[in-house]
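A short write-up of the structure that comes next.
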Protein chains: 2
Amino acid sequence: MASIKDVAAAAGVSVATVSRVLNEHPSVSADARTRVLAAVEALGYRPNAVARSLRTDQTRTLGLVISDVLNPYFTELARSVEEEARALGYSVIIGNADERPDLQDHHVRTLLDRRIDGLLVSPTDGGSPLMLDAARGGTPMVFVDRWIPGVEVPVVRADGQRAVRDLVAHLYGLGHRRLAIISGPAATTTGSERVEAFRAALAEYGLDLPDAYTGQGDFQAESGRRVTEGFLDLPEPPEAVFAADNLMALGALDAIRARGLRVPDDIALAAFDDIRWFVHTDPPVTAIAQPTGELGRAAVRALVDRIAGRPGESVTLPARLVVRRSCGAPPAQNPATNRSES
Amino acid sequence: MASIKDVAAAAGVSVATVSRVLNEHPSVSADARTRVLAAVEALGYRPNAVARSLRTDQTRTLGLVISDVLNPYFTELARSVEEEARALGYSVIIGNADERPDLQDHHVRTLLDRRIDGLLVSPTDGGSPLMLDAARGGTPMVFVDRWIPGVEVPVVRADGQRAVRDLVAHLYGLGHRRLAIISGPAATTTGSERVEAFRAALAEYGLDLPDAYTGQGDFQAESGRRVTEGFLDLPEPPEAVFAADNLMALGALDAIRARGLRVPDDIALAAFDDIRWFVHTDPPVTAIAQPTGELGRAAVRALVDRIAGRPGESVTLPARLVVRRSCGAPPAQNPATNRSES
DNA sequence: GGAACTCATGGAATCGATTACATCGACATG
DNA sequence: CATGTCGATGTAATCGATTCCATGAGTTCC
C-alpha cells in the first residue's frame with residue numbers, strides 16, 4: 001500500500017508538502033498542489049489513519065458500549081449515534097456487552113486501548129473499577145439510557161415517570177387492580193427506576209406492589225418468560241403485567257401462550273420500549289415509547305462537547321405511552337395507532 | 001496516559017525489555033520481569049494499540065459491513081461474527097450501510113483507512129470500484145449472505161432453494177395458485193436468487209410467475225408496504241405473498257392490515273428470514289430460517305484463514321422452512337406433512 | 001585457557017504520518 | 001542598498017510501540 005513517501009517521490013516534492021496539501025495548509029503553491037493531487041490519484045493513495053492517529057493523538061472515533069445488540073431499542077440507538085457521529089466527522093465502534101459486566105469491561109478496555117476520543121456507555125451494572133477509573137481519569141464519557149450514580153459524567157436518557165403514571169391510569173381505568181412488574185437488574189438505573197416509578201404511580205391509586213408481584217429479570221427474553229411463569233403459578237396471579245423492556249415482554253408473551261391463556265382477556269400486558277413489531281403482535285402491545293433517535297443524537301453532541309473541552313450537558317427527554325390492545329381497551333378512536341418518532 | 005517509556009523508567013530497564021515482557025519473549029530474567037510487571041501495575045499501563053499497529057502492520061481488527069442494522073437478521077449475524085472473532089483474538093468494527101451503496105462505500109473506505117486486517121461484507125449492490133479494487137488489491141475479504149459474482153472472494157451463505165421449494169409445495173397444498181413475490185433489489189444476489197428459486201419452484205407445479213406478481217422492493221419495510229398495496233390493487237390480487245426478507249414482510253402486514261384484510265383468510269403471507277417476533281405476530285408467520293449464527297462463525301473462520309494466507313473456503317448451508325399459520329394451515333403435527341414431494 | 005555459545009539487555013532503526021524550525025528567494029520599505 | 005516580511009519548501013523530530021543488532025557476562029567443551 002502506497003505511503004506518503006511514495007506520493008512525495010512521485011510528485012517530486014517532500015513529504016511535508018504532501019501532508020500540507022492533504023491537510024489544506026494555505027502555504028502550498030498551486031503547482032505543487034496539482035502535482036501532489038495527481039500523484040495521489042495515480043497511486044490510489046489513502047492516508048494511513050493509524051499513523052495519523054499516533055502523531056495527532058486523536059482517532060476521530062467514538063466508542064459505544066451497548067447492553068444488548070439483539071434488543072431493537074439498542075440497535076436503533078446505535079444507528080442514530082452512528083449517524084450523528086458521522087455528520088460530525090467521527091466514526092463509531094460498537095461494543096456489545098450482552099448484559100454481561102465482564103463483556104462490558106472487555107469492550108471498554110479494548111476501546112480504551114485503541115485510544116478512542118470518547119466513550120458512550122449504557123452500563124449493565126453499577127460500574128466496574130475500570131470504567132470508574134476511565135471516567136475519573138479524564139476519558140471523555142457520556143452515559144446514555146442507563147447511568148451510574150455518583151459519577152461525574154453527563155447523562156442522556158428518557159424519563160418514563162410520567163408515561164408510567166399514564167400507563168397505571170390506563171390499567172386502573174380498565175379495572176385492573178392486581179398489577180405486577182418484571183424489572184431489570186437492580187444494578188442498572190433503568191432496572192430500579194422503572195420499578196420505583198411504577199410503585200409510586202400505584203400508590204397514587206391506593207394500590208400496593210407486593211414482593212410477589214415484582215419479578216427480577218435481566219432484560220433478556222428468557223427471564224421474562226421465567227418471571228411470568230412465576231406470576232401465573234401464584235394462587236392469585238396478577239391481572240396485568242408490565243415488562244421493563246421489550247425482550248422481557250416477548251418472553252412474557254411466550255409464557256402466557258404456553259399456558260393457553262390469552263392477552264388481554266386472561267391477563268393484560270404492557271412493555272417499556274416501543275418497537276415496530278408491537279403493532280403486529282397478537283394482540284398489539286401497549287408500550288412506553290422513548291425518543292430513541294433523539295437520545296442517540298443528543299448523546300453524541302454531549303460527548304463531542306466534552307471532547308472539545310466544553311462542559312457537555314445532561315439531557316432528559318420525556319417518554320410517552322402508546323396505547324394498543326394488550327391491556328384490554330378497544331383500539332383508540334384513530335385505528336392507525338402506529339409509532340411516531342424515528 | 002503512561003507510555004512504555006514511563007514503565008521502563010519506573011522499572012529501571014530499557015523500553016526493549018518492557019516490550020519483551022509484555023510480548024512474552026523468552027529472554028527476560030525473572031527479576032526484570034517482576035520489576036516490569038510491578039511498574040505496569042503501579043502505573044496502570046496499557047499498551048497503545050495505535051502505536052503497536054503502526055509498527056506491526058496489523059490491527060487484529062475485522063471490518064464488517066452489513067446492509068441494515070435495523071434488520072434483526074443482520075444484528076444476529078453481527079453478534080455471532082463478533083463472538084467468533086473475539087474467540088480468535090480479533091475485534092470487529094461494524095459499518096451499517098442502510099442498504100445504500102454510497103454509505104457502504106463510506107464504511108469500506110474508513111475501514112480500509114484504519115488498516116483493518118480483513119473485511120466481511122454483505123454487499124448492497126453489484127460492487128463499487130472501491131470494493132472491487134480492495135478485493136483485487138489483496139485485502140483479505142469474505143462475502144457473507146450476499147455476494148458479488150465474478151469476484152475471487154470466498155462466499156459464506158445459506159442456500160434457500162430447497163426451502164423455497166418446500167414453501168411453494170406448502171402453499172400449493174393449501175390450494176393457493178396465484179403466488180406473488182416481493183423481491184429485493186436486483187443488484188443483490190439475495191434479491192435475484194430468491195426470485196429465481198421461487199420461479200423455478202412454481203414451474204415445478206406448472207405455475208407461472210407473471211410480472212404483475214413480482215414486486216421490486218429494497219429489503220426495507222416501506223417497500224414491502226408499497227409493493228403489497230400494488231398487489232392488492234390488482235383486478236386479480238395474488239392469493240399468497242412471499243416477502244424476500246423479514247422487514248418487507250412487516251411492511252406487507254402493514255398494508256394488508258390497513259385495508260382491513262386478514263391473514264391468512266384473505267391473503268397468505270410468508271417471509272424469508274425467520275425472527276423471534278414471527279412467533280407472536282398476528283398470525284404467526286411462516287418463514288424460511290437461515291442458520292444465521294453458523295453463517296457468522298463460518299465467515300469469520302474463512303476470513304481469518306485468508307488473513308493467515310490460507311485459502312479460506314466458501315461455505316453454503318441449507319435454510320429450512322418453518323411452517324406457522326400465516327399461509328392457512330394449522331401448524332402441522334408431523335413435520336413430514338410439509339414435504340409433499342413433486 | 002580460550003573458542004564457541006547462550007542468555008539478558010540496551011541502543012537505535014523503523015512504521016507513516018504531522019509539524020516546528022530553518023532556509024531561500026522575491027519583494028517591499030526606508 | 002540594506003533590511004525586514006512573507007510565502008513555499010525541505011529537514012528532521014516526534015508519537016509509542018517492536019525488533020534487529022551489538023555487547024557483555026556467564027557456561028560449556030575440547
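Everything numeric here is computed off the predicted structure, so don't read it as measured data. Residue numbers start from 1 in every chain, and the chains themselves are labelled A, B, ... in the order their sequence lines are given, proteins ahead of strands.
Between A:Tyr73 and A:Asp145, the side chains place a donor N or O and an acceptor N or O closer than 3.5 Å (distance only, hydrogens not considered). Looking only at atom types and distance, the side chain of A:Arg115 has no donor-acceptor partner in the side chain of A:Thr61 under 3.5 Å away. Defined by atom type and a distance below 3.5 Å, a donor-acceptor pair is missing between the side-chain atoms of A:Glu82 and B:Asn96.
Without hydrogens or angle criteria, A:Ser67 side chain to A:Ser122 main chain gives a donor-acceptor distance under 3.5 Å. Side chain of A:Asp117 to backbone of A:Arg60: a donor-acceptor contact under 3.5 angstrom is found. For the pair B:His25 (side chain) and B:Val21 (backbone), a donor-acceptor distance under 3.5 Å is absent. No donor-acceptor pair closer than 3.5 Å links the side chain of B:Ser53 to the backbone N or O of B:Ala51. Although no hydrogens or angles enter the test, the distance criterion places no donor-acceptor pair under 3.5 Å between the side chain of B:Ser314 and the main chain of B:Pro154.
Counting 5' to 3', DNA chain C first comes under 4.0 angstrom of a heavy atom of chain B and last does so at the ends given by C:dC7 to C:dG16.
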Look for any protein N or O under 3.5 Å of an N or O in nucleotides 6-12 of chain D and output each such pair with its distance, or none.
from   : atom 1 : to      : atom 2 : distance (Å)
D:dT9  : OP1    : A:Ser29 : OG     : 2.8
D:dT9  : OP2    : A:Ser29 : N      : 2.8
D:dT9  : OP2    : A:Ser29 : OG     : 3.1
D:dG10 : OP2    : A:Ser14 : N      : 2.8
D:dG10 : OP2    : A:Ser14 : OG     : 2.9
D:dG10 : OP2    : A:Thr17 : OG1    : 2.7
D:dG10 : O6     : A:Arg20 : NH2    : 2.6

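Of the residues in residues 54-63 of chain B, those with a non-hydrogen atom less than 4.0 angstrom from any atom of DNA chain C are B:Leu54, B:Arg55.
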Please test A:Leu22 against A:Val40 for side-chain contact (heavy atoms from CB on, under 4.5 Å), starting from the C-alpha separation and ending with a verdict. CA-CA 10 Å; A:Leu22 267 25; A:Val40 164; 4.2 Å; yes

Could you walk me through whether A:Phe219 and A:Thr124 pass side-chain contact (heavy atoms from CB on, under 4.5 Å), step by step? CA-CA 10 Å; A:Phe219 286 134; A:Thr124 57; over 6 Å; no

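Within the helix from C:dG1-D:dC30 to C:dG30-D:dC1, the inter-axis angle between the opening and closing five-pair segments is 60°, rounded to 10°.
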Residues 132-140 of chain B side chain polar contacts: donor-acceptor under 3.5 Å, at least two apart:
from     : atom 1 : to       : atom 2 : distance (Å)
B:Thr139 : OG1    : B:Ala134 : O      : 3.4

For residues 6-20 of chain B, which side-chain N or O atoms pair as donor and acceptor with protein atoms under 3.5 Å away, sequence neighbours left out?
from    : atom 1 : to      : atom 2 : distance (Å)
B:Asp6  : OD2    : B:Ser3  : N      : 2.7
B:Ser14 : OG     : B:Ala16 : N      : 3.4
B:Ser14 : OG     : B:Thr17 : N      : 3.4
B:Ser19 : OG     : B:Asn23 : ND2    : 3.3

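Atom pair B:Asn23:CG and D:dA17:P shows a separation of 11 Å (rounding to whole Å applied).
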